[in-house]
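Computed from a prediction, not measured in an experiment: that's the story for all the values here. Note on naming: letters A, B, ... go to the chains in the order of the sequence lines (proteins, then strands), and numbering restarts at 1 for each one. Hydrogens, waters and symmetry mates are skipped; everything else that's a heavy atom, side chains included, is used.
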2 protein chains.
Amino acid sequence: MISCPKCSEVGSIMKAGYVRNKQRYVCKDCNYFFTLSNPDQIAPIKNSRRHQTTIIDIARSTGVSNSTVSRALHGHADISPETRNAVLEMAAQLDYQPNQLAYNLVKSRTNTIGMIVPEFTNSFFPNIIIGAHELLTEAGYNLTIMQSNESYPIEVSNTKAMLANRIDGLLISLTQETNNYDHLKVFEKRGIPLVLFNRVCDYVSAPKVVVNDFEGSFLAVEHLILNGYERIAHLGGPLNLLVSRERLRGYRAAMEKYGKNIEENMVIQGMFSQQKARIYGKYLLDLESRPDAIFAVNDSSAIEIVLMALEKGIRIPDELGVVGFSDNPESAYIGPGLTTIRQPTHAIGKTSAQWVLQLIESEEEMILPNEKVLKTELIVRGSSKRNRS
Amino acid sequence: MISCPKCSEVGSIMKAGYVRNKQRYVCKDCNYFFTLSNPDQIAPIKNSRRHQTTIIDIARSTGVSNSTVSRALHGHADISPETRNAVLEMAAQLDYQPNQLAYNLVKSRTNTIGMIVPEFTNSFFPNIIIGAHELLTEAGYNLTIMQSNESYPIEVSNTKAMLANRIDGLLISLTQETNNYDHLKVFEKRGIPLVLFNRVCDYVSAPKVVVNDFEGSFLAVEHLILNGYERIAHLGGPLNLLVSRERLRGYRAAMEKYGKNIEENMVIQGMFSQQKARIYGKYLLDLESRPDAIFAVNDSSAIEIVLMALEKGIRIPDELGVVGFSDNPESAYIGPGLTTIRQPTHAIGKTSAQWVLQLIESEEEMILPNEKVLKTELIVRGSSKRNRS
DNA sequence: TTGTAAGCGTTATCAG
DNA sequence: CTGATAACGCTTACAA
């Protein structure tokens, strides 16, 4: 039991805050304030591992209180220039590095936006990241990136980690496996701004940033038709993804508009992967009555087809027209050059980031779920140029 | 002043911890414990913005203490199955999401590794990221990626942010501008594990993961020589980067070994960028006595040269041999295919990550600064195949 | 202008 | 097996 150093009373001692990081007591009897000078109790710099200098260290060495230090560090008004300078100097001298963790904890915001992408292997997502990164950095936000590796369980655990780390907002592009969206609904429920991009779904009411896959697809197929191709096959993606469905829809629409017959055995849907693309491609090229053109859901698949055709000695574009989607960096150089639909990757990233920041800043006003549709662009190269007009 | 509800004493009231998140008092006179039932003081769930359920909420609703909840949540031993289950159920019911921020603060570790890369535009760094990400995720670490955009000031501010966020370790590849390394020395001083990769420097005593640029370069130039090229130019990178110096060294060594004369006006060093590459390339190709081969410091530059040569009608590989470095995805398809040196990107990422984890886990033992040198591989394609043996 | 003390949400060390 | 309480490092009313 603690006794008062002045009146030796024991029952009337109350805690009375801290001074220089030490417990301070007051004796209610004689109204005497004191701290215990037990050397063991002073400055408990335990935790041996390299003590990081904190605001308290600065306060102690400057002879002011923590709050004053905090204010000086943040350039708050109402602080005398001398104290401010003293604090700032001491901070520099002690090599003070603010602890963002503590800051975030008390502010309960992290100034960090999370981003989950299914993969990095193509330049597609990296380019989107660049766009988002640019805007966020400018706005003073950090970006934490995770990749789900096209795996639903990883995606779920990523969102959990993001939640635990209290990111201020999330940008996500779904895996091709994702069919359940409960992990996203958590964000709605918790009021954490969420923006879906590129690989989106209808079942969660969050803003979505996509490109006009339908239109892009339509243009691609129309271009093939205008170049005299008749029997156009479609190598599509997994149908749970909206992109795949939209591209399929665009294909069908163009074919119908020009009165072309769709041979259903030449419309294939499957997972994205080089291996699958080879299998599907082989199937299409080995068909006894081969298509005279193939519109693929992405460039990786289209490239496989071009390479396979070259191996087999099928002449491109004369015997086979090929069009892809996305404009990968290598597409310009594949065979005679791959005709493709360019996506505005940079803009996708930028738009998504912009949107999530708006949601964060707008606080109160419920912004209605909405969608931004960016334009695509047809890039004509050798793999489809058979213009016989 | 607070008075005891039992004996009405005023001077002998002491704080006595908290119960259900409310201040609890004890009267030292009658030894009566109580809390104030002032409704305003109960559960100060202020901070209106969507209260996140915390451990305390669970404790309150389950009727146990926070510590018990914490233990239950982490599956600590010494807890009765009933309590555990009750807590776990309540946690699920209240949709509890742990606050990693608070956890990190008290643990003073974040389970997060930072990574700073100069750019994303080539597939080079993304591939390294994939390698590192894979290993770190497996080891239960998060990865926070920042990009310095080849800017020294951004690099510095990135490291500051990493420091503030108390990452457990940092992987960094320097910008081509970086000439001052104080921002890295901070990590040494603070004892935060640091690993440099790819773009490293000598002035900071941290482990480095690099590829054998010298050997790779040597092989590239030797390959050109063995294919009958005589007057080989070198389009190099900025000399403050070790990679550039090593590649230059490899070039010189190979030329010397085979007794080839180095024409110094055909050895150029400059910044990495497509634009610069075009300028330097034009210079080399417009030389009145043009080199018969060019070894470029990277594929992007080599590609520019190939394209320029094709425009000018210079035949590759007959009139001009070209070799690059890195094996970009498009390199296989450029012109007749670009001969290049493949770097083990995946392994670079994996090795760096592995190393930083080792440093973190090894705690006490000072591991000596060291270097890991990974092997490169010569990929022969059309742009240099003029074998006249 | 400065100081006090109550949080932010956890874990960990002691006591029971 | 469980509870109380002091950290972790910082911000911010509220007092002085």
May I have the distance from B:L105 (atom CG) to C:dG7 (atom P), rounded to whole angstrom?
17 Å

In terms of relative ring orientation, are B:Y152 and B:H183 parallel, tilted or perpendicular, with 30° and 60° separating the classes?
perpendicular

Go through the structure and list residues passing side chain to side chain donor-acceptor pair (under 3.5 Å) with A:Y141, not counting sequence neighbours.
A:R109, A:E361

Can you find a side-chain donor-acceptor pair between B:S65 and B:T68 that sits under 3.5 Å?
yes

Does a side-chain N or O from A:S80 land closer than 4.0 Å to OP1 or OP2 of C:dT2, or not?
yes

Send over the distance from B:R60 CZ to C:dG9 P, rounded to a whole Å.
11 Å

Produce the list of close N/O pairs, under 3.5 Å, pairing protein atoms with atoms of nucleotides 10-12 of chain D; give distances to one decimal.
{"unit_1": "D:dC10", "atom_1": "OP1", "unit_2": "A:Y96", "atom_2": "OH", "d": "2.4"}
{"unit_1": "D:dC10", "atom_1": "OP1", "unit_2": "A:N99", "atom_2": "N", "d": "3.2"}
{"unit_1": "D:dC10", "atom_1": "OP2", "unit_2": "A:I55", "atom_2": "N", "d": "2.6"}
{"unit_1": "D:dT11", "atom_1": "OP1", "unit_2": "A:H74", "atom_2": "NE2", "d": "2.3"}
{"unit_1": "D:dT11", "atom_1": "OP2", "unit_2": "A:S70", "atom_2": "OG", "d": "2.7"}
{"unit_1": "D:dT12", "atom_1": "OP1", "unit_2": "A:K107", "atom_2": "NZ", "d": "2.5"}

Would you kindly give the CG-to-C1' distance between A:N104 and C:dG7, to the nearest whole Å?
16 Å

Residues in side chain to side chain donor-acceptor pair (under 3.5 Å) contact with B:D168, at least two apart in sequence or another chain
B:T110

The side chain to side chain donor-acceptor pair (under 3.5 Å) partners of A:T112 (sequence neighbours excluded) come to none

Please lay out, stage by stage, how B:I116 and B:L174 fare under the test side chain to side chain contact (heavy atoms under 4.5 Å, CB included).
CA-CA 8 Å; B:I116 303 179; B:L174 304 176; over 6 Å; no

For the helix from C:dT1-D:dA16 to C:dG16-D:dC1, what is the angle between the axes at its two ends, each from 5 pairs, rounded to 10°?
40°

How would you list, by chain and number, every residue that makes a side chain to side chain donor-acceptor pair (under 3.5 Å) with B:S173, sequence neighbours excluded?
none

Any donor-acceptor pair under 3.5 Å linking the side-chain atoms of B:T175 with those of B:T178?
yes

